[in-house]
S.K.: 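Mind having a look at this structure? Questions to follow.
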Number of protein chains: 2
Amino acid sequence: MPKVGMKDTRRQQLIDATMESIAELGMQNTTIVSISKRAGMSSGIISHYFGGKQGLIEAALRHLLDQLGRELLERMAKTDGSPEQRLDCIIESNFSEFQRSALAAKTWLSFWSRAMHEPGLHRLQQINNARLYSNLRYSFAQVLPANEATEAARQTAALIDGFWLRSALSADPSEHFEAGERLCKKFVHETLAQARA
Amino acid sequence: MPKVGMKDTRRQQLIDATMESIAELGMQNTTIVSISKRAGMSSGIISHYFGGKQGLIEAALRHLLDQLGRELLERMAKTDGSPEQRLDCIIESNFSEFQRSALAAKTWLSFWSRAMHEPGLHRLQQINNARLYSNLRYSFAQVLPANEATEAARQTAALIDGFWLRSALSADPSEHFEAGERLCKKFVHETLAQARA
DNA sequence: TTTTATTAATTGAACGTTCAATTAACAATA
DNA sequence: TATTGTTAATTGAACGTTCAATTAATAAAA
C-alpha cells in the first residue's frame, strides 16, 4: 500500500477531512475516527502525521488562515493602490468563494469558540484579527485623520466578523454572505465619502 | 438534608454553575461533574432536575435569552418613543453590564458554536436573531425608507454581533465592550443624521 | 409511614493514544 | 535480471481514561 513521498498529500487529505467533519458534525462530535474515516485511512495515521488530534486541529486552522492570507495578497496585486480599492480587496477576500462555502464558515466558528480556552488556537486567532485590523486601518489612515481611521477600522472589522457569524448561523449562508459583502462595502464607501465632503 | 421547595433554587444554582464552568473551562471541558462540583452538589442531581446534561445546557441558554429580553424591556420603558432613543436602548441592552461580563460572553459564544449542530439550541438562537433584527428595523423604518431601513438594521445587527465576538475573544473583554457600544451608537447616529440631510 | 430530595457508587459506551505487525516501494547486490 | 535487505507508510486491535446516565441507599419532611 505505501508509496513514498505521501506525507504532504496525506496531511492535506487529513486537513480536508477535518474541516468536512467539523462542518458536518461540529467540533463536539468530531473524533479521530470521524476524520480518518472521511479520509479513507486508519485512525492511527493522525497521531503519526500530526502527533495527535490537537495537532491536526491546529494544522487545519493554520491552513484556513494561510488561505485567507494568500487570497488577500492575490487580490491586492491586481489593483492600483487607492485606499478605496484596497479596502474593497480586504472585504472581498474575507467573503471570497472559499470563505463563502458553508464548510469553511462552520469550521471557522468552531475554531473561534474553542480558541477561547485553547492557547494554541487563541494565538492564531489573535494574529488573524490583528492583521485584518491593521490592513483596514492603514488604508483608512490615508484618507481620514488618525483617530477616525482607528474607529472606521474597528467598525469595519466588526462588520465583517458580524456578517460572517450571522451567515454561518443562518439557514442559507451563501445568500447571507453576498448581502454581507455588499453592506460592508457600502459602509466603507459612505465612510470615505463623508470624509471628503 | 433535603428541604421541600428547593426545586427553583437548585435549578438556578445549577444554571449559574453551568455558565461559570463553560466560561472557565469551555464547553468542550464542561462535564456534569465540573458543573455539579461548582454548585456544591452531586452529579446525579442534574439528571433529576433537567433530565440530563443537554437539558441543562438548553435551560442555561434560555436563561441568557430571557435576561437579554427583560433588560431590553426595562430600558425601553424608561425612554420616550423616539427612534433614536429606542435604537440606543437596543444597543445598550446588548452591551449591558450583564452581557459585559466575560462569563456571559464566553458562554454565549460557546452556545453559538454548538447551535450550528444542535437543533434545540439553533431554534433559540434564531429567535433571538430575529428579535434583534426586527427591533432595529422597526425603529429605522420610522426615519428611513423601507429598503434603507432594512440595510441599516442588518448592518447594525452585524456590528453588534461583530463587536461582541471580538470582545469575547479579546484579552480584555470589558474594554472592548465599551468601545463596541460607543461605535455601534456612532454608526446608528450617523446613519440617521445622513437621512435627515 | 410515605413522599420528596439528594447522594454516592456503579455501569457501559465512547474516546484518544500507542504500538507491534504488515505492506509496498526502493536500493543494493549478485 | 532476479534476489535480498531496508525503510517509509499504514493499519487496527488493545489499553487506559473520561463521561453521562442509572441505580440503590439515605435522610429529612409531611
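Letters go in sequence order (proteins before strands), and every chain restarts at 1. Atoms considered below: every heavy atom in the structure, side chains included; atoms not considered: hydrogens, waters and symmetry mates.
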S.K.: Could you pull out all donor-acceptor pairs under 3.5 Å where a side-chain atom in residues 163-173 of chain A meets a protein atom, sequence neighbours excluded?
M.R.:
from	atom 1	to	atom 2	distance (Å)
A:Trp164	NE1	A:Asn94	O	3.1
A:Arg166	NH1	B:Asp161	OD2	2.3
A:Ser167	OG	A:Phe163	O	2.6
A:Ser170	OG	A:Ser167	O	3.0
A:Ser170	OG	A:Asp172	N	3.4
A:Ser170	OG	A:Asp172	O	3.4
A:Ser170	OG	A:His176	ND1	3.4
A:Asp172	OD1	A:Ser174	N	3.4
A:Asp172	OD1	A:Ser174	OG	3.3
A:Asp172	OD1	A:Glu175	N	3.4

S.K.: Tell me whether B:Tyr138 at atom OH has more than 12 heavy atoms from other residues, nucleotides or ligands lying less than 6.0 Å away.
M.R.: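 Incorrect, the count does not exceed 12.
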S.K.: Check the surroundings of atom NZ in A:Lys186: do more than 12 heavy atoms from other residues, nucleotides or ligands lie under 6.0 Å from it?
M.R.: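 Correct, the count exceeds 12.
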S.K.: Kindly state each residue pair satisfying salt bridge (Lys or Arg N to Asp or Glu O under 4.0 Å) with at least one member in residues 13-25 of chain A, sequence neighbours excluded.
M.R.: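 Only A:Glu24-A:Arg38 qualify under salt bridge (Lys or Arg N to Asp or Glu O under 4.0 Å).
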S.K.: Separation of B:Ile46 atom CD1 from D:dC19 atom P, in whole Å?
M.R.: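 Distance check: B:Ile46 CD1 to D:dC19 P gives 13 Å.
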S.K.: Does the distance from a Lys or Arg side-chain N to an Asp or Glu carboxylate O, for A:Glu181 and A:Lys185, drop under 4.0 Å?
M.R.: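 Salt bridge: yes.
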S.K.: According to a strict under-4.0 Å criterion, is B:Tyr49 in side-chain N/O contact with OP1 or OP2 of C:dA5?
M.R.: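 Answer is no, no contact under 4.0 Å.
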S.K.: Could you give the CG-to-P distance, from B:Leu14 to C:dA5, as a whole number of Å?
M.R.: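 After rounding, the reported distance stands at 14 Å.
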S.K.: So, does A:Arg10 get its side chain near the phosphate of D:dA9, meaning an N or O under 4.0 Å from OP1 or OP2?
M.R.: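 Answer no for this pair, as no side-chain N or O of A:Arg10 is under 4.0 Å from OP1 or OP2.
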S.K.: Tell me the salt bridge (Lys or Arg N to Asp or Glu O under 4.0 Å) pairs involving residues 116-141 of chain B, sequence neighbours left out?
M.R.: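 Residue pairs with at least one partner in residues 116-141 of chain B: B:Arg114-B:Glu118.
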S.K.: Mind running a 4.0 Å heavy-atom check of residues 50-64 of chain B against DNA chain D and sending the residues that fall below it, in number order?
M.R.: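 DNA chain D contact set from residues 50-64 of chain B: B:Gly52, B:Lys53.
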S.K.: Whole angstrom is fine here: how far is it from CD1 in B:Ile45 over to P in D:dA21?
M.R.: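 Distance, rounded to whole Å: 15 Å.
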S.K.: Counting heavy atoms from C-beta on, name the nucleotide in C:dG16, C:dT17, C:dT6 closest to the side chain of A:Thr31.
M.R.: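 Output: C:dG16.
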S.K.: Between A:Gln13 and A:Arg10, do the side chains contain an N or O donor and an N or O acceptor separated by less than 3.5 Å?
M.R.: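 A pair is found: one side chain offers a donor N or O, the other an acceptor, under 3.5 Å apart.
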S.K.: Over how many whole Å does the gap from A:Arg11 atom CZ to D:dA9 atom C1' extend?
M.R.: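 That distance rounds to 15 Å.
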S.K.: With A:Ser93, which residues qualify under side-chain hydrogen bond (donor to acceptor under 3.5 Å, both in side chains), at least two apart?
M.R.: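 Listed in chain order: nothing, the list is empty.
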S.K.: Are the charged groups of A:Glu71 and A:Arg75 less than 4.0 angstrom apart, N to O?
M.R.: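 Result for this pair is yes, salt bridge flagged.
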S.K.: Whole-Å distance between C:dA14 C1' and A:Asn29 CG?
M.R.: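 Nearest whole value for this atom pair: 11 Å.
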S.K.: Within residues 32-42 of chain A, which residues have any heavy atom lying less than 4.0 Å from an atom of DNA chain D?
M.R.: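 Those residues whose heavy atoms fall under 4.0 Å from DNA chain D, taken from residues 32-42 of chain A in numerical order, are A:Gly40, A:Met41, A:Ser42.
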